[in-house]
Amino acid sequence: ENLANHDFTKFRVLDKKLLERVDKMLAEDIAKLMAMVPIEEQMSKNDGSDRIEGGAFSGVMDSQTPFMYKGGEGINAGVGEVEWIVAKDRYKYDEKFDALNPIDGKVTGAAAKSEMIKSKLPNNVLGKIWKLSDVDKDGMLDADEFALAMHLMNIKLDGNDLPSELPAHLVPPSKRGF
(Lines give C-alpha, C1' and ligand atoms only; values in the text may rest on other atoms or scores of the structure.)
Protein backbone atom coordinates (compact mmCIF):
# COMPACT_ATOMS: atom_id res chain seq x y z
CA GLU A 1 0.00 0.00 0.00
CA ASN A 2 2.75 2.48 0.92
CA LEU A 3 4.66 1.79 -2.29
CA ALA A 4 1.66 2.53 -4.51
CA ASN A 5 2.09 6.28 -3.96
CA HIS A 6 5.76 6.41 -5.05
CA ASP A 7 7.06 7.22 -8.51
CA PHE A 8 9.72 4.59 -9.28
CA THR A 9 10.93 6.53 -12.34
CA LYS A 10 12.52 9.08 -9.98
CA PHE A 11 14.73 6.45 -8.34
CA ARG A 12 18.39 6.46 -9.30
CA VAL A 13 19.52 3.94 -11.91
CA LEU A 14 20.91 0.75 -10.45
CA ASP A 15 24.74 0.79 -10.39
CA LYS A 16 25.62 -2.75 -11.52
CA LYS A 17 29.33 -2.37 -10.61
CA LEU A 18 28.43 -1.34 -7.07
CA LEU A 19 26.03 -4.26 -6.85
CA GLU A 20 28.79 -6.65 -8.04
CA ARG A 21 31.24 -5.27 -5.44
CA VAL A 22 28.69 -5.67 -2.65
CA ASP A 23 27.89 -9.19 -3.84
CA LYS A 24 31.62 -10.09 -3.90
CA MET A 25 32.08 -8.63 -0.43
CA LEU A 26 29.20 -10.66 0.95
CA ALA A 27 30.29 -13.85 -0.79
CA GLU A 28 34.05 -13.70 -0.19
CA ASP A 29 35.24 -11.02 2.21
CA ILE A 30 32.67 -11.62 4.94
CA ALA A 31 33.32 -15.38 4.72
CA LYS A 32 37.06 -14.76 5.22
CA LEU A 33 36.39 -12.50 8.19
CA MET A 34 34.03 -15.03 9.77
CA ALA A 35 36.67 -17.77 9.39
CA MET A 36 39.08 -15.56 11.34
CA VAL A 37 36.79 -15.12 14.35
CA PRO A 38 37.39 -18.55 16.00
CA ILE A 39 41.14 -18.18 15.43
CA GLU A 40 41.15 -14.73 17.02
CA GLU A 41 39.05 -15.97 19.96
CA GLN A 42 41.45 -18.86 20.56
CA MET A 43 44.46 -16.54 20.37
CA SER A 44 42.94 -14.17 22.92
CA LYS A 45 42.16 -17.10 25.26
CA ASN A 46 45.71 -18.36 24.92
CA ASP A 47 47.37 -15.02 25.62
CA GLY A 48 44.83 -14.00 28.29
CA SER A 49 43.64 -10.88 26.51
CA ASP A 50 40.01 -12.05 26.72
CA ARG A 51 39.90 -11.17 30.44
CA ILE A 52 39.32 -7.88 32.18
CA GLU A 53 42.15 -7.23 34.58
CA GLY A 54 43.30 -4.57 37.00
CA GLY A 55 41.49 -2.21 39.30
CA ALA A 56 38.45 -3.74 40.91
CA PHE A 57 39.04 -6.93 38.87
CA SER A 58 42.51 -7.52 40.28
CA GLY A 59 42.82 -11.05 41.69
CA VAL A 60 39.19 -12.00 41.05
CA MET A 61 40.07 -14.82 38.69
CA ASP A 62 42.28 -16.67 41.16
CA SER A 63 40.81 -15.67 44.53
CA GLN A 64 38.52 -17.96 46.46
CA THR A 65 35.42 -15.81 46.21
CA PRO A 66 31.89 -16.60 45.00
CA PHE A 67 32.68 -14.38 42.02
CA MET A 68 35.90 -16.11 40.96
CA TYR A 69 36.17 -17.61 37.49
CA LYS A 70 33.60 -20.43 37.35
CA GLY A 71 32.80 -19.70 41.00
CA GLY A 72 29.54 -21.27 42.03
CA GLU A 73 29.38 -23.34 38.83
CA GLY A 74 29.95 -27.01 38.17
CA ILE A 75 32.21 -28.61 40.73
CA ASN A 76 32.56 -25.26 42.56
CA ALA A 77 28.84 -25.01 43.28
CA GLY A 78 28.33 -25.08 47.03
CA VAL A 79 31.81 -23.92 48.06
CA GLY A 80 31.55 -22.12 51.38
CA GLU A 81 27.89 -22.97 51.94
CA VAL A 82 26.68 -24.46 55.20
CA GLU A 83 24.34 -26.99 53.60
CA TRP A 84 25.71 -29.82 51.43
CA ILE A 85 25.00 -28.76 47.81
CA VAL A 86 23.85 -32.28 46.88
CA ALA A 87 21.01 -32.06 49.42
CA LYS A 88 18.97 -29.68 47.25
CA ASP A 89 18.21 -32.46 44.72
CA ARG A 90 18.39 -35.26 47.26
CA TYR A 91 14.70 -36.19 46.99
CA LYS A 92 15.19 -37.17 43.31
CA TYR A 93 18.31 -39.18 44.06
CA ASP A 94 16.72 -40.97 47.02
CA GLU A 95 13.81 -42.15 44.83
CA LYS A 96 16.28 -43.69 42.38
CA PHE A 97 18.33 -45.17 45.23
CA ASP A 98 15.28 -46.79 46.84
CA ALA A 99 14.21 -48.24 43.47
CA LEU A 100 17.53 -50.12 43.34
CA ASN A 101 16.51 -52.17 46.43
CA PRO A 102 19.43 -51.40 48.72
CA ILE A 103 20.59 -54.06 51.15
CA ASP A 104 21.62 -52.78 54.59
CA GLY A 105 21.39 -49.24 53.22
CA LYS A 106 23.80 -49.81 50.33
CA VAL A 107 23.61 -50.70 46.65
CA THR A 108 26.11 -52.86 44.80
CA GLY A 109 28.21 -51.64 41.91
CA ALA A 110 26.05 -53.62 39.48
CA ALA A 111 22.86 -52.04 40.80
CA ALA A 112 24.34 -48.52 40.72
CA LYS A 113 25.69 -49.14 37.23
CA SER A 114 22.20 -49.93 35.94
CA GLU A 115 21.12 -46.42 36.94
CA MET A 116 24.36 -44.62 36.04
CA ILE A 117 24.51 -45.89 32.44
CA LYS A 118 21.16 -44.21 31.76
CA SER A 119 23.13 -40.93 31.68
CA LYS A 120 24.81 -42.10 28.44
CA LEU A 121 28.15 -40.83 29.77
CA PRO A 122 31.20 -42.83 28.61
CA ASN A 123 32.29 -45.72 30.84
CA ASN A 124 35.60 -44.06 31.71
CA VAL A 125 33.71 -40.99 33.00
CA LEU A 126 31.29 -43.18 34.97
CA GLY A 127 34.30 -45.04 36.42
CA LYS A 128 35.78 -41.75 37.59
CA ILE A 129 32.44 -40.72 39.10
CA TRP A 130 32.28 -44.07 40.93
CA LYS A 131 35.79 -43.59 42.36
CA LEU A 132 34.95 -40.06 43.52
CA SER A 133 31.59 -41.14 45.00
CA ASP A 134 32.68 -44.29 46.84
CA VAL A 135 34.14 -42.17 49.63
CA ASP A 136 34.63 -45.04 52.10
CA LYS A 137 36.03 -47.29 49.32
CA ASP A 138 33.88 -50.30 50.25
CA GLY A 139 32.81 -51.07 46.66
CA MET A 140 29.21 -50.12 47.40
CA LEU A 141 27.27 -46.85 47.56
CA ASP A 142 25.09 -45.77 50.46
CA ALA A 143 22.37 -43.15 49.94
CA ASP A 144 24.77 -40.22 50.43
CA GLU A 145 27.38 -41.64 48.07
CA PHE A 146 24.73 -42.48 45.47
CA ALA A 147 23.36 -38.93 45.67
CA LEU A 148 26.91 -37.64 45.21
CA ALA A 149 27.34 -39.87 42.14
CA MET A 150 24.12 -38.50 40.63
CA HIS A 151 25.26 -34.94 41.38
CA LEU A 152 28.65 -35.53 39.72
CA MET A 153 26.92 -37.04 36.67
CA ASN A 154 24.78 -33.90 36.35
CA ILE A 155 27.88 -31.71 36.62
CA LYS A 156 29.46 -33.64 33.75
CA LEU A 157 26.23 -33.62 31.70
CA ASP A 158 26.13 -29.83 32.12
CA GLY A 159 29.49 -29.68 30.33
CA ASN A 160 31.72 -29.09 33.35
CA ASP A 161 34.90 -30.98 34.18
CA LEU A 162 35.20 -33.44 37.02
CA PRO A 163 37.94 -33.00 39.63
CA SER A 164 40.75 -35.53 40.04
CA GLU A 165 39.99 -35.62 43.78
CA LEU A 166 36.70 -34.96 45.54
CA PRO A 167 36.65 -31.39 46.90
CA ALA A 168 35.99 -31.08 50.64
CA HIS A 169 32.65 -29.31 50.13
CA LEU A 170 31.29 -32.30 48.17
CA VAL A 171 32.20 -34.93 50.74
CA PRO A 172 28.93 -36.15 52.26
CA PRO A 173 28.51 -34.90 55.83
CA SER A 174 28.21 -38.52 57.02
CA LYS A 175 31.61 -39.30 55.48
CA ARG A 176 33.64 -36.34 56.66
CA GLY A 177 36.68 -37.62 58.49
CA PHE A 178 37.15 -40.79 56.39
Side-chain angles (χ1 to χ4, degrees), residues 37-53 56-178:
V37 169
I39 296 167
E40 193 173 301
E41 283 179 345
Q42 189 60 45
M43 285 173 38
S44 62
K45 280 183 185 175
N46 292 344
D47 67 14
S49 64
D50 63 330
R51 288 186 238 134
I52 300 171
E53 295 178 348
F57 299 101
S58 183
V60 170
M61 297 298 273
D62 41 79
S63 300
Q64 287 287 42
T65 72
F67 305 102
M68 67 185 179
Y69 180 66
K70 295 218 177 208
E73 296 176 22
I75 207 70
N76 292 322
V79 171
E81 291 184 17
V82 176
E83 188 176 352
W84 187 40
I85 189 68
V86 179
K88 71 180 180 120
D89 292 322
R90 184 64 185 265
Y91 67 96
K92 292 188 285 189
Y93 305 146
D94 284 347
E95 283 180 19
K96 292 177 181 182
F97 181 78
D98 292 339
L100 296 174
N101 301 317
I103 300 169
D104 294 329
K106 296 189 175 212
V107 293
T108 63
K113 180 181 178 182
S114 69
E115 183 62 37
M116 292 172 74
I117 60 173
K118 292 177 184 176
S119 69
K120 305 246 190 296
L121 288 168
N123 283 340
N124 61 332
V125 172
L126 292 175
K128 185 174 185 176
I129 289 170
W130 176 271
K131 284 183 178 182
L132 291 169
S133 302
D134 187 13
V135 178
D136 57 14
K137 308 294 182 216
D138 65 353
M140 301 178 86
L141 298 180
D142 63 18
D144 285 345
E145 292 170 321
F146 182 80
L148 175 60
M150 296 292 110
H151 179 74
L152 292 172
M153 286 174 18
N154 287 329
I155 286 172
K156 188 64 181 169
L157 289 168
D158 288 342
N160 297 293
D161 293 329
L162 294 172
S164 53
E165 292 183 30
L166 191 64
H169 72 281
L170 287 181
V171 175
S174 64
K175 304 291 183 191
R176 293 184 182 158
F178 270 84

Carboxylate-amine/guanidinium contact Glu115 Lys118, below 4.0 Å
yes
Identify whether the distance between the nearest side-chain nitrogen and carboxylate oxygen of Asp89 and Lys92 falls below 4.0 Å.
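Yes, charged N to carboxylate O under 4.0 Å.
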Taking [Y]'s backbone N and O only, do any of them form a donor-acceptor pair with [X]'s side chain (distance below 3.5 Å, no angle check)?
{"X": "Asp144", "Y": "Pro172", "result": "no"}
{"X": "Asp158", "Y": "Asn160", "result": "no"}
{"X": "Lys156", "Y": "His151", "result": "no"}
{"X": "Ser114", "Y": "Ala111", "result": "yes"}
{"X": "Trp84", "Y": "Leu170", "result": "yes"}
{"X": "Glu145", "Y": "Val135", "result": "yes"}

Side chain to side chain contact (heavy atoms under 4.5 Å, CB included) between Met153 and Leu126: does it pass, once the steps are laid out?
CA-CA 8 Å; Met153 286 174 18; Leu126 292 175; 4.1 Å; yes
On a heavy-atom basis, which atom in Ala147 and which in Arg90 lie closest, and how many Å separate them?
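In this case the closest contact between Ala147 and Arg90 is CB-CD, 3.6 Å.
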Determine the minimum heavy-atom distance between Ala149 and Ser133, stating which atoms define it.
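Scanning both residues, the minimum pair turns out to be CA-OG, 3.1 Å.
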Between Asn154 and Tyr93: side-chain donor-acceptor atoms closer than 3.5 Å
yes
Take Leu141 and Thr108 through the test side chain to side chain contact (heavy atoms under 4.5 Å, CB included) and record every step on the way to the result.
CA-CA 7 Å; Leu141 298 180; Thr108 63; over 6 Å; no
How long is the straight-line distance from CG of Leu148 back to CG of Asp134, given to the nearest 0.5 Å?
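Reported to 0.5 Å precision, the distance equals 10.0 Å.
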Just how far is it from atom CG of Leu152 to atom OG of Ser119, taken to the nearest 0.5 Å?
11.5 Å
Can you tell me if Lys113 has over 12 outside heavy atoms packed within less than 6.0 Å of its NZ?
no
Counting heavy atoms not belonging to Lys120, are there more than 12 under 6.0 Å from its NZ?
no
Trace of the side chain to side chain contact (heavy atoms under 4.5 Å, CB included) decision for Phe146 with Leu100
CA-CA 11 Å; Phe146 182 80; Leu100 296 174; 3.6 Å; yes
Is the shortest side-chain heavy-atom distance between His169 and Pro167 below 4.5 Å?
yes
Hey, does Ile129 have a side-chain heavy atom less than 4.5 Å from the side chain of Leu132?
no
With side chain to side chain contact (heavy atoms under 4.5 Å, CB included) as the test, would you mind laying out the steps for Met150 and Phe97 before giving the verdict?
CA-CA 10 Å; Met150 296 292 110; Phe97 181 78; over 6 Å; no
Candidate pair Lys175 and Asp136, rule salt bridge (Lys or Arg N to Asp or Glu O under 4.0 Å), full reasoning
CA-CA 7 Å; Lys175 304 291 183 191; Asp136 57 14; 3.0 Å; yes
